[in-house]
Amino acid sequence: MRIYNTLTGKKEEFVPVEAGKVRMYACGVTVYDHCHIGHARSAVVFDIMRRYMKYKGYDFKYVRNFTDIDDKIINRARQEGIKWDEVAKKYTDEYYSDMDSLGIGRADVEPKATEHIREIIDIVKGLVDKGYAYEADGSVYFEVEKFTDYGKLSKRDLEDMLAGARIEVDERKKNPMDFALWKASKEGEPSWESPWGKGRPGWHIECSAMSLKHLGETFDIHGGGADLIFPHHENEIAQSEAFTGKPFVRYWVHNGFITVDKEKMSKSLGNFFTIREILNKFDAEVIRFFLLSTHYRSPIEFSDEQLREAEASIDRYYTTVIRIGDFLSQDNTKNKSGSDEKMLEDLLGKFRDKFKDAMDDDFNTALAIGNIFELIRVLNKYLDGRPSGQKAVELSEKVRDSLKETGNVLNIFNRTPAEWYKALMLVKNIGYTEDDILSKINERKKARENKDWAAADAIRKELEEKGIILEDKKEGTGWKVRI
RNA sequence: GGCGGCGUACCCAAGUGGCUAAGGGAGAGGUCUGCAAAACCUUUAUGCAGCGGUUCAAAUCCGCUCGCCGCCUCCA
């Protein structure tokens, strides 16, 4: 499979450090505020990478950290008038609750910076000993000019960066680009004992320490949002490679941003939508589908309209599942082939390979989803020909199973249609319960038997106004939630 | 200013050298239906921001122009 590597700027054939095993580290969040849909994108993308690689048979280890000590957390604690570790706990809990609601799995290891202070100090000490870092006023800085490869990830050189100069002047630094490995703490700030006095870790060092501990000196994939390329990941490379003398990461992967009116969604612009507020209007599966319907490196424009389209697409899937179910439960004793049977057989025969080809090409989930809907269209056409018999049953079952299998890798399409409509009723605040709907359908059935079309249509209309659509089929009348 | 990315139909979006340019949504017409819905069919890019070049062949490679965005400060 091929993965786009930010380090080389190219798609490269994926070769893990150790055959059959993949070790991945993704930068999680700093727990100081609510999570927005951008955080969800990153979490979904890396979750899908894991799911797909496990599907391919790799032994996969996934580490995702929490930054639980940081200036923003300290500031937030002041604002909220609570202790810094209470802030961290509060937003860590919230993160879990959001991700659980979204149906995103946990990583295998979820380390926290404050649980790795010892490891962090060891690395900082090592970097000082090796001459890559220096102490000043109780803080320790990494000296970027000592690391000749500095800038190789973000593709910039020190001079260019200094020319752009929006960097605060700090007298203690030898070079303005030098960054803190260890920060001396002021009175009243959280701190840990260190060889340089009381202080706390800088932002970047925790990821070097935690990935080293849980994944080793060189591991396969390191990811995060594209905004982490510089300075965070650049600094991680500098620290880690200076410390171990070995290559840090084989493949750097970065997800694109979510935009609103074409602008990056961010806290400072105030144009962000939290996961919770979106979950009030849309089901979790809709959000996951929406995030996977565009390639992970491209920007995605966020809007209710986009989510509604995702919802309509998912509904098309579940509608097809219902149709397959209806077909399988009908009398299939006659032998009759459906429309374009050959086309369906051909497509089904190569469907799994097409899915893998798409995913093997830098996790092209958008293409994979396109393939899924292509199969759905061909199946629908086949069933339109009113097939019957053993072969038709087997073909339909195979389509159903293939769709389920690939959907499962993408963490979508993994419910029953009944569960889907139940979820939609909740999120769309349908005024009726399922029992209400069934009794209305029953009432209408009687009217239809009496050919009282006016009464039957009145019930249809009444339900439609509540957002329920009726479908008369030969098996009886079914209902759906209108998108 | 430095570096990077993007511009494909009405909207979203895949495709990065060679079959009729995937797929979803919206619209229009049709088949089916008591009426609907769903589904299917037809229709909406001889065309991929514009111009020029390389090539037997380009949306895809190269150059320029225009437009949009991102990073260079915390950020997924």
Side-chain angles (χ1 to χ4, degrees), chain A residues 6 9 11 26-30 32-33 35-46 70-72 75 151 154-157 159-168 177 203 223-232 254-259 262-269 272 289-290 293-295 297-301 303 305-306 308-316 319-320 322-323 339-340 354 358 361 364-377 379-385 448 451 453-454 456-457 460-461 464 469-473 477-480 482-483:
Chain A
T6 307
K11 280 186 201 169
C27 286
V29 291
T30 300
Y32 77 104
D33 205 347
C35 290
H36 60 63
I37 182 82
H39 299 105
R41 182 179 196 187
S42 195
V44 165
V45 161
F46 292 107
D70 166 271
D71 288 348
K72 293 193 293 294
N75 291 338
S154 53
K155 290 164 186 58
R156 54 190 85 198
D157 61 55
E159 276 182 41
D160 288 345
M161 284 187 272
L162 290 171
R166 271 192 292 165
I167 310 145
E168 86 280 17
M177 295 310 294
W203 174 34
D227 45 6
L228 297 181
I229 294 170
F230 190 88
H232 186 53
H254 294 97
N255 63 274
F257 302 124
I258 296 195
T259 58
K262 299 257 179 186
E263 273 185 316
K264 179 186 170 186
M265 184 182 287
S266 74
K267 294 270 168 66
S268 46
L269 285 168
F272 63 92
F289 184 96
F290 162 70
S293 60
T294 299
H295 186 88
R297 283 189 283 115
S298 305
I300 309 184
E301 173 73 9
S303 70
E305 177 58 27
Q306 298 286 342
R308 240 178 277 118
E309 287 188 8
E311 198 171 54
S313 295
I314 297 173
D315 195 63
R316 179 164 161 80
T319 301
T320 306
I322 292 174
R323 188 172 188 196
S339 316
D340 293 317
K354 284 180 81 169
D361 185 11
N364 194 337
T365 53
L367 180 57
I369 289 173
N371 292 337
I372 286 174
F373 282 101
E374 185 188 18
L375 181 59
I376 285 176
R377 195 193 73 241
L379 171 78
N380 271 316
K381 189 171 180 178
Y382 174 74
L383 292 177
D384 274 357
R448 291 181 76 214
K451 295 211 189 301
W453 305 128
D457 289 349
R460 179 198 289 291
K461 200 174 167 213
E464 199 178 339
I469 305 264
L470 298 184
E471 290 187 10
D472 293 327
K473 298 179 284 194
T477 299
W479 63 273
K480 310 201 315 181
R482 188 179 54 205
I483 299 301

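The chains referred to below are lettered A, B, ... by the order of the sequence lines, with proteins before strands, and numbering in each begins at 1. Only this structure's heavy atoms are used, side chains among them; waters, hydrogens and symmetry mates stay out.
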Rounded distance (Å) that lies between atom [atom2] of [N] and atom [atom1] of [X]:
X      : N     : atom1 : atom2 : value
A:H295 : B:U16 : NE2   : P     : 11 Å
A:R297 : B:U16 : CZ    : C1'   : 11 Å
A:K480 : B:A36 : NZ    : C1'   : 13 Å
A:E301 : B:A13 : CD    : P     : 8 Å
A:K155 : B:G4  : NZ    : P     : 9 Å
A:Q306 : B:C10 : CD    : C1'   : 14 Å
A:F289 : B:C12 : CZ    : P     : 16 Å

Could you pick out which residue, A:I376 or A:K354, lies toward the 5' side of RNA chain B when each is mapped onto its nearest nucleotide?
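On the 5' side of the pair lies A:K354.
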More 5' along RNA chain B: A:N371 or A:R448, using each one's nearest nucleotide?
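Counting from the 5' end, the first nearest nucleotide belongs to A:N371.
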Using the [atom1] atom in both, what is the distance from [N] to [M], to the nearest Å?
N     : M     : atom1 : result
B:U31 : B:A38 : C1'   : 13 Å
B:G63 : B:C11 : P     : 29 Å
B:G7  : B:C12 : C1'   : 14 Å
B:C61 : B:G18 : C1'   : 14 Å
B:A58 : B:C48 : C1'   : 11 Å
B:C10 : B:G50 : P     : 13 Å
B:G29 : B:A22 : P     : 25 Å
B:G34 : B:A45 : C1'   : 41 Å

Can you tell me which nucleotide in [options] comes closest to the side chain of [X]?
X      : options             : answer
A:N380 : B:A39, B:C72, B:A38 : B:A39
A:F373 : B:C74, B:G24, B:C40 : B:G24
A:N255 : B:G23, B:A76, B:C75 : B:A76
A:D384 : B:A14, B:A38, B:C40 : B:C40

Establish, with yes or no, whether the OP1 or OP2 oxygen of [N] is under 4.0 angstrom from a side-chain nitrogen or oxygen of [X].
X      : N     : result
A:R323 : B:A38 : no
A:W479 : B:A37 : no
A:R377 : B:G23 : yes
A:R316 : B:A39 : yes

Donor-acceptor pair, A:S42 side chain versus A:G38 backbone, under 3.5 Å?
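The answer is no, because no donor-acceptor pair under 3.5 Å joins these two groups.
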Please name the nucleotide paired to [N] by Watson-Crick or G-U wobble geometry with both distances under 3.5 Å, or report none.
N     : answer
B:C71 : B:G2
B:A22 : none
B:A45 : none
B:A58 : none
B:C51 : B:G63
B:U31 : B:A39
B:A9  : none

I'd like to check A:T6 versus A:I229 (side-chain heavy atoms, cut-off strictly below 4.5 Å). Are they in contact?
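Yes, their side chains come closer than 4.5 Å.
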Nearest 0.5 angstrom please: A:I258 CD1 to A:H39 NE2, how far?
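Separation between the atoms: 10.5 Å.
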Assign [X] to base, sugar-phosphate, or nothing according to its heavy-atom contacts below 4.0 angstrom with the strands shown.
X      : result
A:N364 : sugar-phosphate
A:I258 : base
A:H254 : nothing
A:G478 : nothing
A:I229 : nothing
A:E471 : base

Electrostatic pair [X]:[Y] at N-O distance under 4.0 angstrom:
X      : Y      : value
A:R308 : A:E305 : yes
A:K72  : A:D33  : no
A:D472 : A:R460 : yes

Side-chain donor/acceptor of [X] to base of [N], under 3.5 Å:
X      : N     : result
A:D472 : B:C35 : yes
A:D457 : B:G34 : yes
A:R41  : B:A76 : no
A:E309 : B:G24 : yes

Does any donor atom in the side chain of A:D384 or A:S339 lie under 3.5 Å from an acceptor atom in the other side chain?
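No, no side-chain donor-acceptor contact under 3.5 Å.
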For a quick test of reading the model, state the closest non-hydrogen atom pair linking [X] to [Y] and the distance between them.
X      : Y      : value
A:H295 : A:R41  : O-NH2, 3.0 Å
A:E311 : A:I483 : OE1-CG2, 3.6 Å
A:A366 : A:S293 : CB-O, 3.4 Å

Indicate the ring-plane relationship of A:F289 and A:F373, choosing parallel, tilted or perpendicular according to the 30° and 60° boundaries.
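It falls in the perpendicular class, over 60°.
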Report all interatomic pairs (protein N or O, nucleotide N or O of nucleotides 65-70 of chain B) with separations under 3.5 Å.
none

